[in-house]
Amino acid sequence: REDLPREVRRIAAWLGYDADGADAPRVEAATANSSFEFMRSHGAQFDEHFTFARRRDAMGVPAEYVFGEAGVVGKVREGGGGARVEERRRVEDEAELLVRQQRVERDEAQSDADVLARARHERQGGE
């Protein structure tokens, strides 16, 4: 972060590239594409839409939920880590609500299963 070009050249050399010779244009492009300015101007390339789409069902998120809005959700933020406190709280509240809803549904399903098991047991002559 303090000397991005130096670090990119160091990593390129470690990977076997000739950072100051034949591979210099590649290293320069990698340096440019690693800058915050590049990431900020190409924010959609660094968000979690792909992961979210693959994990939606496992997380119990309804299919109609749209992951963020263009330019709102992403790994590249303006103003540092505390800039999206309200957004984080809103997401945490939504997640908590989903978890509570799943618990209620699970408890209701368990109650239904208990009722069926008792009725089955009584029908078979048990008490």
Side-chain angles (χ1 to χ4, degrees):
R1 194 172 176 179
E2 292 177 17
D3 190 349
L4 182 62
R6 182 189 73 213
E7 292 304 311
V8 172
R9 282 193 312 276
R10 183 180 65 81
I11 293 167
W14 181 76
L15 291 170
Y17 289 95
D18 181 8
D20 296 314
D23 296 315
R26 251 188 184 156
V27 173
E28 288 174 20
T31 302
N33 293 348
S34 299
S35 70
F36 284 116
E37 292 76 25
F38 177 85
M39 289 186 229
R40 200 172 287 122
S41 65
H42 297 83
Q45 295 176 6
F46 302 97
D47 65 22
E48 293 292 338
H49 286 103
F50 178 78
T51 302
F52 179 79
R54 299 284 189 252
R55 298 292 303 150
R56 173 195 303 270
D57 292 338
M59 293 187 301
V61 176
E64 63 274 5
Y65 177 80
V66 177
F67 182 80
E69 300 172 19
V72 174
V73 178
K75 293 181 179 180
V76 182
R77 302 268 191 235
E78 295 287 336
R84 301 277 185 197
V85 172
E86 288 301 316
E87 178 70 10
R88 186 180 73 236
R89 286 185 183 140
R90 185 187 66 73
V91 169
E92 288 171 350
D93 289 346
E94 286 183 23
E96 185 176 336
L97 183 62
L98 283 171
V99 168
R100 286 182 182 175
Q101 182 179 356
Q102 289 174 344
R103 285 181 183 154
V104 166
E105 291 170 359
R106 181 196 63 212
D107 292 346
E108 289 174 352
Q110 183 60 47
S111 294
D112 291 345
D114 291 343
V115 168
L116 288 172
R118 272 188 300 233
R120 197 175 302 124
H121 181 73
E122 290 171 4
R123 192 174 55 212
Q124 294 172 350
E127 289 186 26

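This one's a predicted model, so the numbers in the text were calculated from it and none came from an experiment.
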Asker: Donor-acceptor pairs under 3.5 angstrom involving side-chain atoms of residues 108-120: please list them, not counting sequence neighbours.
Answerer:
residue : atom : partner : partner atom : Å
Gln110  : NE2  : Asp114  : OD1          : 2.9
Ser111  : OG   : Asp107  : O            : 3.1

Asker: Got a second to check how far Leu4's CG is from Phe36's CZ, nearest 0.5 Å?
Answerer: 8.5 Å
Asker: When the side chains of residues 95-105 are checked against the rest of the protein, which donor-acceptor pairs come out under 3.5 Å, sequence neighbours left out?
Answerer:
residue : atom : partner : partner atom : Å
Glu96   : OE2  : Arg100  : NE           : 3.4
Glu96   : OE2  : Arg100  : NH2          : 2.5
Gln101  : NE2  : Glu105  : OE2          : 3.3

Asker: Please output the side-chain donor-acceptor pairs of residues 9-25 that fall under 3.5 Å, not counting sequence neighbours, one pair per line with the distance.
Answerer:
residue : atom : partner : partner atom : Å
Arg9    : NH1  : Pro5    : O            : 3.4
Arg10   : NE   : Glu7    : OE1          : 2.9
Arg10   : NH2  : Glu7    : OE1          : 2.8
Asp18   : OD1  : Gly21   : N            : 3.2
Asp18   : OD2  : Ala22   : N            : 3.3
Asp23   : OD2  : Asp18   : N            : 2.8

Asker: Do you know the tightest heavy-atom contact between Val8 and Ser34?
Answerer: CG2-OG, 4.5 Å
Asker: Could you check whether atom CZ of Arg26 has more than 12 heavy atoms from other residues, nucleotides or ligands sitting under 6.0 Å from it?
Answerer: no
